[in-house]
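What follows is one structure encoded as structure tokens, with my remarks underneath.
Because only heavy atoms are used, hydrogens play no part in the values below, and waters and symmetry mates are left out as well, while side chains stay in.
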Amino acid sequence: MQFGKNNTPFDREEFAARLAKTKERMARAGLDALYVSEPANLNYLTGYDGWSFYVHQGVLVAQDAALPVWIGRGQDVNGARLTTILPEENIVGYSDDHVQSQAKHPLQAVARVMRERGLERARIGVEADSFYFTAKSLDVLKAELPNARFVDAGTLVNWVRAVKSDAEIGLMQQAARIAEKTMARAIEVIGPGVRQCDAAAEILATATHGTEAFGGDYAAIAPLMPTGVGTSCPHLTWRDDPFASPAGTTVEIAGVRHHYHVPLTRTIYLGTPPEKMRKAADVVVEGLEAALGVAKPGAGSRDVHAAWTKAIERHGFFKDSRCGYSIGLGYPPDWGERTISLRSIDETVLEPNMTIHFMPGLWLDDWGIAISESIRITETGVEAFCDFPRRLFVK
């Protein structure tokens, strides 16, 4: 990597299109500027990529500016030079006495940049419900710029991200190959007496190795692998206890390429599974395939959810949570885009190149099962990113 080079997987024309779409949404929201703090959105708009999101950093998008401004910790400035498409004058670092300090706050530096760019009386959007934008951040901005108006821009950039470019789809197709390899390895290594942590190590190693053609990136979520009664809880990771038999284990992983995620979930049973679990597996697959049968351009998120719900309720099952969500570019703590949700109240109309993790898990009182697919809405229907058997795996 070299300074001044485009070290991202995308060309400058793609970044220009992303910025133009963002500014269109800003105009509809009546925003003069937007301060973006979610790491995936920083990457999306500028290419910035670094594990520096534990401190305050952001990108300022102004309607009258040709390019965004990256604002972050001084020691991360070289990272911005290496990974973004921005020229030197659009990269601003703040001094380290702002970091986790009682004397200064990084958003004071952000406010200075806003003032320098004539935004002291502007209407400025912030990602108020982002994991990375704190209540203190908003307080500091209001104190530093009392004549500006700060408003919640919600998930404005996230919605721009909801429809993928062909280049993004290409990365997700590569991520799918990694997901397939990783799941196959998980099913291979999980067995009676094998420590959960040892299986996790193999899963993580496989996902990182990727394929011979391309390597894997770190996932926004650690491998989720609840076992036994833990399968009633979808978000448990691993312990150092050995896998028991008879017992089920749900494995949720993602193949990741340049931070683009393709999640995949399967359930493994060690021993002879009870009839109720075999039946549940068949019901989940039936519901999944019914839902994918209606997923196409022009259909609503709620239509997909309704198809899933109708299919499983015929067999006496009920799921009150969503059964899918938008995916793509992601950083910890989540690979979801926080936009589209497949649920009864979601009004989103599906479009080509929307990408969704269809997650039809059933989590009951003391056991659960999940068999998921990451999907792409095509021009005429839907396709799964991964080619992996949809069934309960019994060992």
Worksheet item: Does the side chain of Ile124 come within less than 4.5 Å of Leu31's, by heavy atoms?
Response: no
Worksheet entry | Heavy-atom side-chain proximity of Ile371 to Arg391 below 4.5 angstrom | no
Worksheet item: Do you know the tightest heavy-atom contact between Leu204 and Thr208?
Response: O-OG1, 2.8 Å
Discussion item. Counting neighbours of CZ on Arg314 that are heavy atoms of other residues, nucleotides or ligands and sit closer than 6.0 Å, is the number greater than 12?
Written reply: yes
Worksheet item: Would you say Val262 and Met183 are hydrophobically clustered, going by side-chain heavy atoms of ILVMFWY under 4.5 Å?
Response: no
Worksheet item: So, Glu168 and Tyr260: side-chain donor and acceptor under 3.5 Å apart, yes or no?
Response: yes
Worksheet item: Can you name the nearest heavy-atom pair linking Lys104 to Gln108, along with the distance?
Response: CA-OE1, 3.3 Å
Practice prompt. Say whether, by atom type as modelled, one donor and one acceptor occur between the side chain of Arg81 and the main chain of Asp76 under 3.5 angstrom.
Written response: no
Discussion item. Has Arg12 got a side-chain atom pairing as donor or acceptor with Ile85's backbone, closer than 3.5 angstrom?
Written reply: yes
Fill in: Which atom of Ala384 lies closest to which atom of Glu373, heavy atoms considered
CB-OE1, 3.9 Å
Worksheet item: Cut-off 3.5 Å, side chains only: do Thr46 and Thr84 have a donor facing an acceptor?
Response: no
Worksheet item: Is any side-chain N of the basic residue among Asp241 and Arg195 closer than 4.0 Å to the acidic one's carboxylate O?
Response: no
Discussion item. Determine whether a donor-acceptor pair (N or O, by modelled atom type, separation under 3.5 Å) exists between the side chain of Arg266 and the backbone of Phe388.
Written reply: yes
Worksheet item: Does the gap between the ring centers of His261 and His357 come in under 6.0 Å?
Response: no
Practice prompt. Verify the distance criterion only: is there a donor paired with an acceptor across the side chains of Glu14 and Ser165 at less than 3.5 Å?
Written response: yes
Practice prompt. Tell me whether the centres of the aromatic rings in Trp51 and Tyr331 are closer together than 6.0 Å.
Written response: no
Worksheet entry | Flag side-chain contact, heavy atom, 4.5 Å: Val36 against Leu42 | yes
Discussion item. Tell me if a side-chain donor or acceptor on Thr206 pairs with a main-chain N or O of Glu202 at a distance below 3.5 Å.
Written reply: yes
Item to complete: Find the distance between CD1 (Ile356) and CD1 (Ile375) and round it off to the nearest 0.5 Å.
Response: 5.0 Å
Practice prompt. For Asp129, look at atom CG and say whether over 12 heavy atoms of other residues, nucleotides or ligands are found less than 6.0 Å away.
Written response: no
Discussion item. Taking Leu107's backbone N and O only, do any of them form a donor-acceptor pair with Arg112's side chain (distance below 3.5 Å, no angle check)?
Written reply: no
Worksheet item: Are Lys279 and Glu275 ion-paired here, with the side-chain N under 4.0 Å from a carboxylate O?
Response: no
Discussion item. So does Thr265 get a backbone contact from the side chain of Ser372, meaning a donor-acceptor N/O pair under 3.5 Å?
Written reply: yes
Fill in: Donor-acceptor under 3.5 Å (Ser232 side chain, Val229 main chain)
yes
Discussion item. To check you understand the geometry: which heavy-atom pair defines the closest contact between Leu224 and Pro234, and what is its length?
Written reply: CD1-O, 3.8 Å
Item to complete: Using the side chain to side chain contact (heavy atoms under 4.5 Å, CB included) rule, take Arg322 and His305 through it: C-alpha gap first, then chi angles, then the decisive distance, then the call.
Response: CA-CA 8 Å; Arg322 66 183 182 176; His305 179 270; 5.6 Å; no
Worksheet item: Between His259 and Asp49, do the side chains contain an N or O donor and an N or O acceptor separated by less than 3.5 Å?
Response: yes
Worksheet item: If you count the non-hydrogen atoms of other residues, nucleotides and ligands that lie under 6.0 Å from NE2 in His209, is the total more than 12?
Response: no
Worksheet entry | Glu24 with Lys21: basic N within carboxylate O range, under 4.0 Å | no
Discussion item. Distance check, rounded to the nearest 0.5 Å: Met359 atom CE versus Leu264 atom CG?
Written reply: 9.5 Å
Practice prompt. Treating Ile, Leu, Val, Met, Phe, Trp and Tyr as nodes and any side-chain heavy-atom pair under 4.5 angstrom as an edge, say whether Phe385 and Ile377 lie in one connected cluster.
Written response: no
Worksheet, complete the sentence: Between Ile327 and Pro263, the two heavy atoms sitting closest are CD1-CD, 3.5 Å
Item to complete: Examine the side chains of Arg343 and Tyr325 and answer whether a donor and an acceptor come within less than 3.5 Å of each other.
Response: no
Worksheet item: Roughly how far, to the nearest 0.5 Å, is CG of Asp366 from OG1 of Thr231?
Response: 8.0 Å
Worksheet entry | Student check: side-chain heavy atoms of Val113 and Leu60 closer than 4.5 Å | yes
Fill in: Joint hydrophobic cluster, Phe53 plus Val126, side-chain heavy atoms closer than 4.5 Å
no
Worksheet item: Should we say atom NZ of Lys296 is surrounded by more than 12 heavy atoms from elsewhere, each under 6.0 Å from it?
Response: no
Worksheet item: In terms of side-chain geometry, is the basic nitrogen of Arg161 or Glu38 positioned less than 4.0 Å from the acidic oxygen of its partner?
Response: yes
Worksheet item: Quick one: do the Ser95 and His98 side chains pair a donor with an acceptor below 3.5 Å?
Response: yes
Worksheet item: Do His235 and Glu252 have side-chain atoms, one donor and one acceptor, less than 3.5 Å apart?
Response: no
Worksheet item: Just wondering, do Asn7 and Thr83 contact through their side chains at under 4.5 Å, heavy atoms?
Response: no
Worksheet item: Is there a donor-acceptor pair closer than 3.5 Å between any side-chain N or O of Glu337 and the backbone N or O of Asn158?
Response: no
Worksheet entry | Asp365 atom CG, neighbour heavy-atom count above 12 within 6.0 Å | no
Discussion item. According to a hydrophobic-cluster definition based on side-chain heavy atoms being under 4.5 Å apart (Ile, Leu, Val, Met, Phe, Trp, Tyr only), do Tyr48 and Tyr44 belong together?
Written reply: yes
Response to the item:
Heavy-atom nearest pair, Ala291 first then Ala307, reads CA-CB, 3.9 Å
Item to complete: Run the ring-centre check on Phe393 versus Tyr269 and record whether the distance is less than 6.0 Å.
Response: no
Worksheet item: Taking side chain as C-beta onward, heavy atoms only, is Val110 less than 4.5 Å from Tyr94?
Response: no
Worksheet entry | Atom CD of Glu379 with >12 non-hydrogen neighbours under 6.0 angstrom | no
Discussion item. Closer than 3.5 angstrom, by distance alone: can the side chain of Thr182 be matched with the main-chain N or O of Ile203 as a donor-acceptor pair?
Written reply: no
Fill in: Check: Glu127/Asn41 side-chain N/O donor and acceptor closer than 3.5 Å
yes
Worksheet item: Among side-chain atoms of Thr355 and Lys164, is any donor-acceptor pair under 3.5 angstrom?
Response: yes
Worksheet entry | Geometric cation-pi criterion Arg338 and Phe131, 6.0 Å radius, 45° cone | yes
Practice prompt. State the CD1-CG distance between Ile312 and Leu362, to the nearest 0.5 angstrom.
Written response: 5.5 Å
Response to the item:
Separation between NE2 (His258) and CD (Gln174), nearest 0.5 Å, reads 7.0 Å
Worksheet item: With a 4.5 Å limit on heavy-atom distance, are the side chains of Val189 and Val194 in contact?
Response: no
Worksheet item: Any side-chain heavy-atom pair from Leu86 and Pro68 closer than 4.5 angstrom?
Response: yes
Practice prompt. Identify whether Trp363 and Met277 are in the same connected component of the hydrophobic contact network (ILVMFWY, side-chain heavy atoms under 4.5 Å).
Written response: no
Item to complete: Mind checking the CZ-OG spacing from Arg302 to Ser344? Nearest 0.5 Å is all I need.
Response: 7.0 Å
Worksheet item: Lys395 side chain to Ile187 main-chain N or O, any donor-acceptor pair under 3.5 Å?
Response: yes
Practice prompt. Please check if atom CG in Asp387 has more than 12 non-hydrogen atoms from other residues, nucleotides or ligands closer than 6.0 Å.
Written response: no
Discussion item. Using salt bridge (charged side-chain N to carboxylate O under 4.0 Å, His left out), reason through Arg115 and Glu120 one step at a time and then give a plain yes or no.
Written reply: CA-CA 5 Å; Arg115 274 195 300 270; Glu120 63 272 12; over 6 Å; no
